[in-house]
Amino acid sequence: MAQKKENKLEWAVVTGASKGLGYCYCEELLKLGYNVIAVARDTTPVATLQKKYPSQSIKMINYDLSILANCQKLFNEVQTDNVTILINNAGYGIWGYFNESSLEQEMNMIDLNIKALHILTKIFVQRFIEQNQGRVLNIGSLAAFTPAPVFASYYASKAYVWSLGVAINTELKKTKSPVRVITLCPGPLKTDFWNRSSNQHNAKYHSTVKVMKTSTYARKSLVKGLKVKRKNYIITESINKIVKKLTKWSPQSWVLTSVYNYQRKRK
Ligand SMILES: NC(=O)c1ccc[n+]([C@@H]2O[C@H](COP(=O)([O-])OP(=O)(O)OC[C@H]3O[C@@H](n4cnc5c(N)ncnc54)[C@H](OP(=O)(O)O)[C@@H]3O)[C@@H](O)[C@H]2O)c1
């Protein structure tokens with residue numbers, strides 16, 4: 001993959017940049033020659049990347065994006081930077097039976113996974129259309145493709161991310177815009193996601209499918225996400241493509257029972 005020209009100074013905004021997938025996206029972007037604006041509630045860990053890539057610039061912005069006013073503040077703060085990429089990655093889940101899970105936590109998750117992503121996608125797409133260049137990569141999930149008993153609101157939030165992104169990207173293609181909104185749909189990754197989703201500190205990680213290294217997923221999905229012209233969303237790895245096909249072609253009652261049996265045993 002060709003590196004970006006040093007003097008081009010393109011910036012990428014990455015939300016949820018302090019760990020897990022977002023941190024890996026920051027590193028992959030730096031490798032590709034982008035400057036990075038890293039956003040999370042506490043971006044301290046990103047400072048190690050600045051030491052590793054001294055010739056590029058990294059800005060660290062500490063915002064809780066579930067406080068929706070911070071989305072516009074973030075947008076205003078990067079107005080003078082030549083931003084050409086936004087990766088809406090910040091997100092988490094709430095595992096558990098719907099009648100037992102915390103409504104307050106669910107509303108916060110909806111604010112982050114859905115509303116903040118929606119706001120940032122809108123204002124950056126408007127800016128990218130004006131500047132005739134730019135790409136939004138929204139982090140969806142394989143979870144987008146089926147309802148999930150015992151993980152209901154998280155899967156529903158990812159269905160929203162997928163549906164919104166596919167529709168916007170279709171509008172952009174139909175109106176011959178060079179701007180794209182691509183939804184990336186990872187399968188399971190070993191990150192802190194499961195700890196937060198299950199309210200634990202050291203949760204056991206269960207997965208029925210092979211788990212790709214987070215950095216490998218970040219590299220592969222970023223390269224594809226920045227390149228695709230016609231595709232609206234990207235699923236990497238054949239096992240994840242098979243899972244997606246199963247959710248589409250199998251009887252829904254079978255899919256729902258399988259997901260129920262998988263999710264209820266996870267903790
Ligand atoms: N791990 C998986 O199996 C998996 C599979 C499919 C999709 N995904 C999706 O991938 C994305 C990244 O998840 P991950 O696995 O990398 O999880 P992670 O390791 O828990 O990282 C989540 C990131 O989001 C940030 N974040 C959380 N709440 C925030 C808030 N209110 N405002 C701003 N930033 C916030 C966290 O930083 P702070 O805590 O410092 O704010 C952290 O940097 C999520 O959208 C997730 O749904 C994950």
Side-chain angles (χ1 to χ4, degrees), residues 13-28 36-47 49 60-71 73-74 87-95 104-105 107-117 119-121 137-146 148 151 153-162 165 183-201 203 205-218 221-222 225 233-237 239-240 243-244 262-263 266:
V13 176
V14 181
T15 72
S18 62
K19 57 186 171 185
L21 189 53
Y23 183 89
C24 293
Y25 278 131
C26 290
E27 178 146 24
E28 293 305 321
V36 166
I37 296 159
V39 188
R41 289 169 303 176
D42 177 9
T43 55
T44 315
V46 184
L49 286 177
M60 297 185 284
I61 299 183
N62 294 329
Y63 273 150
D64 181 339
L65 293 173
S66 67
I67 299 167
L68 299 178
N70 285 338
C71 297
K73 280 190 194 164
L74 167 63
I87 305 189
N88 271 315
N89 164 78
Y92 70 101
I94 293 164
W95 179 90
E104 195 188 335
Q105 273 187 17
M107 291 302 106
N108 183 267
M109 186 207 70
I110 288 168
D111 284 342
L112 182 66
N113 293 15
I114 294 181
K115 291 190 188 173
L117 177 139
I119 294 168
L120 289 170
T121 301
L137 304 182
N138 282 341
I139 309 307
S141 169
L142 262 194
F145 303 109
T146 174
F151 214 171
S153 46
Y154 173 68
Y155 274 52
S157 76
K158 291 301 182 181
Y160 183 91
V161 171
W162 179 81
T183 309
L184 306 179
C185 300
L189 300 166
K190 273 191 187 154
T191 65
D192 211 29
F193 172 83
W194 184 240
N195 280 333
R196 184 157 186 210
S197 300
S198 60
N199 282 324
Q200 295 180 85
H201 290 298
Y205 202 92
H206 302 273
S207 174
T208 47
V209 294
K210 192 175 134 256
V211 176
M212 192 187 258
K213 248 181 102 183
T214 308
S215 53
T216 308
Y217 178 77
S221 62
L222 182 66
Y233 66 96
I234 292 166
I235 299 174
T236 48
E237 278 205 294
I239 184 70
N240 293 330
V243 170
K244 154 78 168 58
Y262 173 55
Q263 290 300 347
R266 274 171 70 101

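Both ligands and their constituent atoms are indexed starting at 1 by order of listing. What's counted below: heavy atoms across the whole structure, side chains too, no hydrogens, waters or symmetry copies.
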Over all atoms of both residues, closest heavy-atom pair of Ser153 and Ile94: OG-O, 4.4 Å

Shortest reach to atom 44 (C) of ligand 1 by a heavy atom, considering only Val14, Ile139, Asn89: Asn89

Within the 6.0 Å centroid threshold, strictly below: Tyr160 and Tyr155: no

Location of contacts on Ala116 toward ligand 1, heavy atoms closer than 4.0 Å: neither

Any side-chain donor near an acceptor of the partner, Asn195 and Asp192, under 3.5 Å: yes

Distance-only polar pair, side chains of Asn138 and Thr183, donor-acceptor under 3.5 Å: no

Residues Thr15 and Asn89: side-chain donor-acceptor under 3.5 angstrom: no

Ligand-side contact atoms (ligand 1) for residue partner Gly187, heavy atom cut-off under 4.0 Å: 5 (C), 6 (C)

Sub-3.5 Å N/O-N/O distance, Val39 and ligand 1: no

Region of Tyr63 that comes within reach of ligand 1 [heavy atoms, distance under 4.0 Å]: backbone

Thr15 heavy atom under 4.0 Å from ligand 1: no

Aromatic plane relationship, Phe151 with Phe193 - under 30° parallel, 30 to 60° tilted, over 60° perpendicular: tilted

Check: Ser141 N/O within less than 3.5 Å of ligand 1 N/O: no

Atoms in ligand 1 with a heavy atom of Gly20 nearer than 4.0 Å: 16 (O), 19 (O)

Heavy-atom gap Gly140 to ligand 1 smaller than 4.0 Å: yes

Heavy atoms of other groups near Lys244 NZ, more than 12 under 6.0 Å: yes

Residue portion contacting ligand 1 (non-hydrogen atoms closer than 4.0 Å) for Leu189: both

Within-shell test, Tyr154 vs ligand 1, heavy atom, strictly < 4.0 Å: yes

Heavy atom of Lys190, distance to ligand 1 below 4.0 Å: no

Polar proximity ligand 1 side, Tyr92 side, N/O cut 3.5 Å exclusive: no

Proximal ligand 1 atoms for Leu112, defined as those under 4.0 Å from one of its heavy atoms: 28 (N), 29 (C), 30 (C), 31 (N), 32 (N)

Check: Trp162 ring centroid to Tyr233 ring centroid under 6.0 Å: yes

